[in-house]
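Remarks on the structure that follows.
Just so you know, these numbers come straight off a predicted model, no measurement behind them. Start at 1 and go down the list; that is how both ligands and their atoms are numbered. In this chain, residues are counted from 1 in sequence order.
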Amino acid sequence: MNYRHAYHAGNFADVAKHLALVSVVLHLRKKDAAFAVIDTHAGRGVYDLTGGEAVRTGEAEGGVAKLAGLQGGPSALSTYLDLTSARDAYPGSPLIAAKLLRPQDRLVAIEKHPEDAAVLAATLRPFRKARAETADGYARLIALLPPPERRAAILIDPPYEAGGEFSEAAGAVAGAIRRFATGIYLVWFPVKSPAGANGFCGEVLAAGARKVLRLDVTLGARSEERLTTAGLLIVNPPFGFETEMRDALAPVLPRLDDARADFTWLAGGE
Ligand SMILES: C[S@@+](CC[C@H](N)C(=O)[O-])C[C@H]1O[C@@H](n2cnc3c(N)ncnc32)[C@H](O)[C@@H]1O
């Protein structure tokens, strides 16, 4: 396990992924009934973008740092901007979720790397309804489904550092969907080759999900990042999710080297 998210925190892929997470959690909060958030690859939970690893790659400079001064927009964007205003404490996905929980909701955040898991546990300690686990996210996901609340957002955000991780991730998502077909799944993936990404999406689709939206965010030609397209599969997106994400991304994309967002319904639609 060489991957450390501290080098990539706050980059353009995090911006798109975290906006989508905020949008989904705000949707779940529209009803009083409790919901669960399961974050299978949670990372440390908080990142100092002003020093260390973040400065060495400069990825946050090309991501969230470019949103400085942006205000308003749909609630997903304004909430994301509020949550990420401190450069020395950029919240990872589990901290974003923890901050949006109501008393009746809960978060389970799983991280395998012992050092990052220790920081995650400390980061989530103030949140009574958030639990950090040091474990394998894929195995725990299957054990945690279906959640008793029957309402859940599940973020699956692996590092894809090992050769077979596309298959492992697709298999885990497919298994999870079979156990809990009505969950809202956010599955991040890198688009390094169209064939690899399409194959991955095809494997997830084969699990039989009825509503699947794919969002690709591609940096503009001026970008010097190594990864220029970040993918997100949203299984069972809430009604209106695509419109909210289009509106949220509209003021964001021009600041990310004129990035582009492509939305494709792979199954179902609105
Ligand atoms: C892309 S990062 C997660 C970033 C985080 N979701 C966020 O948005 O802030 C992937 C994380 O997965 C962890 N990881 C790798 N393999 C894992 C596994 N099998 N189970 C749980 N965590 C794993 C890595 O240590 C790394 O911290």
Side-chain angles (χ1 to χ4, degrees), residues 1-25 37-49 52-54 57 59-60 63-64 76 80 83-84 86 89-100 107-124 127 130-145 153-173 175-176 185-192 200 215 217 225-227 230-234:
M1 285 178 59
N2 292 320
Y3 181 95
R4 308 304 293 275
H5 196 62
Y7 291 99
H8 311 290
N11 69 4
F12 82 102
D14 258 14
V15 170
K17 176 198 343 175
H18 292 160
L19 266 175
L21 176 65
V22 169
S23 171
V24 164
V25 174
V37 178
I38 300 172
D39 191 343
T40 61
H41 294 70
R44 305 160 61 95
V46 69
Y47 303 90
D48 180 358
L49 304 183
E53 296 95 331
T57 62
E59 288 190 26
V64 68
Y80 172 75
L83 289 172
T84 59
Y90 181 82
S93 53
L95 186 54
I96 288 175
K99 288 189 169 182
L100 294 176
L107 163 71
V108 183
I110 305 139
E111 168 58 45
K112 194 172 178 184
H113 195 292
E115 278 173 33
D116 285 355
V119 178
L120 175 67
T123 306
L124 293 184
F127 300 91
R131 185 170 90 228
E133 296 187 1
T134 310
D136 175 60
Y138 296 123
R140 289 298 294 142
L141 175 62
I142 297 303
L144 289 164
L145 296 180
I154 297 122
L155 175 64
I156 301 171
D157 184 19
Y160 298 96
E161 63 180 345
E165 194 153 10
F166 261 123
S167 288
E168 191 180 11
V173 178
Y185 295 85
L186 294 169
V187 188
W188 190 85
F189 59 98
V191 185
K192 290 179 183 161
F200 173 72
L215 166 60
V217 174
E225 299 292 347
R226 273 193 303 150
L227 178 73
L232 198 60
L233 275 186
I234 308 98

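- Of all the heavy atoms in V187 and F189, the pair that sits closest is O-CD2, 3.7 Å.
- Checked against I110 for a side-chain contact (heavy atoms from CB on, under 4.5 Å), the options D39, L120, I38 give a single hit: I38.
- Ligand 1 is approached by H18 to a heavy-atom distance shorter than 4.0 Å.
- Contact detail for I142 and A176: the closest heavy-atom pair is CD1-N, 3.8 Å.
- Where the criterion is an N or O separation shorter than 3.5 Å, residue side chain and backbone included, S93 meets it with respect to ligand 1.
- A salt bridge between R140 and E133 is present, with a side-chain N of the basic residue lying under 4.0 Å from a carboxylate O of the acidic one.
- Close contacts between ligand 1 and G92 involve ligand atoms 9 (O) [criterion: under 4.0 Å to a heavy atom].
- Shown in contact with G43 at under 4.0 Å from a heavy atom are these atoms of ligand 1, numbered in order with element: 27 (O).
- For atom 2 (S) of ligand 1, the closest heavy atom belonging to the protein is Y3 CE2, 3.5 Å.
- A heavy-atom separation below 4.0 Å is found between A135 and ligand 1.
- Counting only N and O atoms by type, the side chains of Y160 and E168 include no donor and acceptor under 3.5 Å apart.
- The nearest protein atom to atom 24 (C) of ligand 1, hydrogens excluded, is given as E111 OE2, 3.4 Å; this is a heavy-atom distance.
- Contacts of A9 with ligand 1, taken as heavy-atom pairs under 4.0 Å, are absent altogether.
- When every heavy atom of L232 is checked against every heavy atom of K17, the shortest pair comes out as CD2-CA, 4.3 Å.
- The contact set between ligand 1 and D136, taken as ligand atoms under 4.0 Å from a residue heavy atom, comprises 18 (C), 19 (N), 20 (N).
- Nearest heavy-atom pair across L49 and A54 is CA-CB, 3.8 Å.
- Partner of L233 under the side-chain contact (heavy atoms from CB on, under 4.5 Å) criterion, chosen from F200, W188, Y185: F200.
- Residues H5 and D14 have side chains that bring a donor and an acceptor to within less than 3.5 angstrom of each other.
- Near T40, meaning under 4.0 Å from any of its heavy atoms, are these atoms of ligand 1: 21 (C), 22 (N).
- The distance from ligand 1 to the heavy atoms of D157 drops below 4.0 Å at these ligand atoms: 1 (C), 2 (S), 3 (C), 4 (C), 5 (C), 6 (N), 7 (C), 8 (O), 10 (C).
- Of all atoms in ligand 1, listed by their number and element, those nearer than 4.0 Å to a heavy atom of H113 are 25 (O).
- Atom 23 (C) of ligand 1 has H41 CD2, 3.3 Å as its closest protein atom, hydrogens excluded (heavy atom only).
- The distance criterion of under 3.5 Å between nitrogen or oxygen atoms is not met by P158 with respect to ligand 1.
- By the 6.0 Å contact criterion, CD on E115 is open, its count of non-hydrogen atoms from other residues, nucleotides or ligands being 12 or less.
- Residue K112 touches ligand 1 through backbone and side chain together, judged by heavy-atom distances below 4.0 Å.
- In K17, the part holding a heavy atom less than 4.0 Å from any atom of ligand 1 is the side chain.
- A donor atom on one side chain and an acceptor atom on the other are not found under 3.5 Å apart for H41 and Y3.
- At the top of the distance list for atom 20 (N) of ligand 1, counting protein heavy atoms only, stands G137 N, 2.8 Å.
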